[in-house]
Q: 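If you scroll down you'll find the structure; I have some questions about it.
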There are 2 protein chains.
Amino acid sequence: MMNVLTRKLEAFGPLPDADRLFLDEVIRPVRAVGPRVDLIREGEAPSDVNLILEGFACRYKTIPNGTRQIMAYLVPGDFCDLHVFILKAMDHTIATLSPCTVVKIPRAQILALMERPAIARAFWWAALVDEATLREWLVNVGARKAEHRVAHLLCELLLRLETVGLTNGDTYELPITQAELADTTGLTSVHVNRVLQRLRRDGLITLKGKHLVILDAARLKAFSGFNPNYLHLPEQNGISEQSL
Amino acid sequence: MMNVLTRKLEAFGPLPDADRLFLDEVIRPVRAVGPRVDLIREGEAPSDVNLILEGFACRYKTIPNGTRQIMAYLVPGDFCDLHVFILKAMDHTIATLSPCTVVKIPRAQILALMERPAIARAFWWAALVDEATLREWLVNVGARKAEHRVAHLLCELLLRLETVGLTNGDTYELPITQAELADTTGLTSVHVNRVLQRLRRDGLITLKGKHLVILDAARLKAFSGFNPNYLHLPEQNGISEQSL
DNA sequence: CGTACTATTGATAGATATCAACGCTGGTGG
DNA sequence: CCACCAGCGTTGATATCTATCAATAGTACG
């Protein structure tokens, strides 16, 4: 079974066997981290790069009145901070949401990885996709209404998790509380709850505990105005399953 | 007088004289572009990089119901799309807001620039600051209320324009309509209008036509919860002018 | 089998959007 | 140089959405 990092980077394009072997080396030793643990705090300047192997983490900021905004989800295969080589201090905090397993990759090893052209290109691609995703989140929160925000997020995660093999058809584990969804979408947890009920009532999803089933992916995508172009994945087979 | 690009890049650190001379070459020939003109459209894959020399441009997306979300302002010294070398197609559109003067820098020239270590580092820094700014905009729209959103944006622009020498004390030209501010902040133009009136009534700003005066920068920053760390500028002299 | 989150529900308040009209201003052509 | 026009800014009245507050019900975990 391919590791999540290799799997993610190969979403951009195939890697030489030597690169794959190197990537297998890089992802250890792993470290288990509990839920709701800060990995890097605003103001710090870590020298290593964290990579998520299992579980969900996030970037967030808290504003003076206490409101928290989650600015990104980090799922298996995602790097936390390829930045850090240039900037002096983090301007936000990175924390686990669920229990996670994480690797700390030393700076030197990242540089060694960047020597390999295929990997370097894949790193670039990953960073650009992260930024595009951030833009899409801004659209989500700034322009869409509550139902669409949540639906759009679920569509995005379906594709991202599919890329690293963490879906089962249109089903996946979403180890996130409603309060965390609220901090992500700029809503209240009460309102997120009501939105989820509407999505269930409309036959779009099933969500029980952490177990999400997207009952009609085509309809959920149409409903939320989801356009996957910003994820910059290679052409899919069934580009759009169209309506029905 | 130093050109805006050099000025912006030197906000990160001084450049060798040779680099400066090179940058002077790179920013021509200039091109004048009217307001509200698309420079690059979603779906296209341009081979050149656009640099803004004068005026304001933006990144935006339009969602199916017709709502537009502006995701970034591009001010003099900002690159539009250093990305494009890796990704196949733009996932958003770039357009002028005001009349602009722009340079198209050919791919080859960008690569030549990247050969120079100081410039390459400055480019990296600029790209990372762009991303950090995007995160802050997500916080703005997702977590702050209307008055604070607008005030925060004005504080950010004060610093960004200061960097490239486009302020006069706490005064600058803001060539943006209220409708565009609305598309930026996720509000309605009517509501932006009312917010601006409140900021005026509270003695925080003066805004007549395109001419903005920040009457009490310290208070405006405190009011909006503005923390400049995400712009990653070098230490300022008067780090915080404190209250009054 | 408690205990503490997490999810759910109902009632109400508050913020922001929507709709519609009018006034201003800067630019353009006569 | 003036008069007109179109876009922008402003205002008021009302509708909607989303937040807030508060209580109850589930659920998972030790």
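A, B, ... follow the sequence lines: proteins, then strands. Residue 1 opens every chain.
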Q: Starting at CD1 of Ile205(A) and ending at C1' of dA7(C), how long is that distance when rounded to a whole Å?
A: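 After rounding, the gap between these two atoms is 14 Å.
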
Q: What is the distance, rounded to the nearest whole Å, between atom CG of Asn193(B) and atom P of dC8(D)?
A: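 Rounded to the whole Å, the gap is 14 Å.
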
Q: Rounded to whole angstrom units, what separation is found between the CD atom of Gln178(A) and the C1' atom of dC5(C)?
A: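 It is 12 Å, rounded to the nearest whole Å.
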
Q: Rounded to the Å, how far apart are Gln197(A) CD and dG10(C) P?
A: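 In whole Å, dG10(C) P and Gln197(A) CD are 9 Å from each other.
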
Q: Assign a letter to each nucleotide of nucleotides 15-30 of chain D from its 5' end: B, base within under 4.0 Å of a protein heavy atom; S, sugar-phosphate only; -, no contact.
A: ---SSBB---------

Q: Round to a whole Å and report the spacing from CG of Leu196(B) to P of dG9(D).
A: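 In whole Å, dG9(D) P lies 9 Å from Leu196(B) CG.
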
Q: Filter on side-chain hydrogen bond (donor to acceptor under 3.5 Å, both in side chains), then keep only pairs touching residues 26-36 of chain A, sequence neighbours left out; what's left?
A: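 For residues 26-36 of chain A: none.
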
Q: Please assess Asp78(A) against Arg160(A) for the test salt bridge (Lys or Arg N to Asp or Glu O under 4.0 Å), listing each intermediate value before the final yes or no.
A: CA-CA 10 Å; Asp78(A) 288 345; Arg160(A) 287 174 61 185; 2.9 Å; yes

Q: Could you check how far CG of Leu207(B) sits from P of dG9(D), rounded to whole Å?
A: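 It is 8 Å, rounded to the nearest whole Å.
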
Q: Less than 3.5 Å apart, any donor N or O on the side chain of Thr171(B) or Asn168(B) sitting next to an acceptor on the other?
A: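 On atom types as modelled, these side chains do not qualify, holding no pair under 3.5 Å.
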
Q: Atom CD1 of Ile176(B) to atom C1' of dG9(D): distance rounded to whole Å?
A: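 It works out to 16 Å between those atoms.
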
Q: Run the numbers on Tyr60(A) and His92(A) for ring-ring contact (aromatic ring centres under 6.0 Å, His included), then give the verdict.
A: CA-CA 6 Å; Tyr60(A) 76 88; His92(A) 62 277; 8.8 Å; no

Q: Output every pair passing salt bridge (charged side-chain N to carboxylate O under 4.0 Å, His left out) with a member in residues 135-153 of chain A, not counting sequence neighbours, ordered by first then second residue.
A: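 Found Glu131(A)-Arg135(A), Arg135(A)-Asp91(B), Glu136(A)-Arg144(A), Glu136(A)-Lys61(B), Glu147(A)-Arg198(A).
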
Q: Measure from CD on Glu180(A) to P on dC5(C) and round the result to the nearest Å.
A: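 Whole-Å distance recorded here is 14 Å.
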
Q: Hydrogens and angles aside, do Glu42(B) and Asn229(A) bring a side-chain donor and acceptor to less than 3.5 Å of each other?
A: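 The criterion, which ignores hydrogens and geometry beyond distance, is satisfied for Asn229(A) and Glu42(B).
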
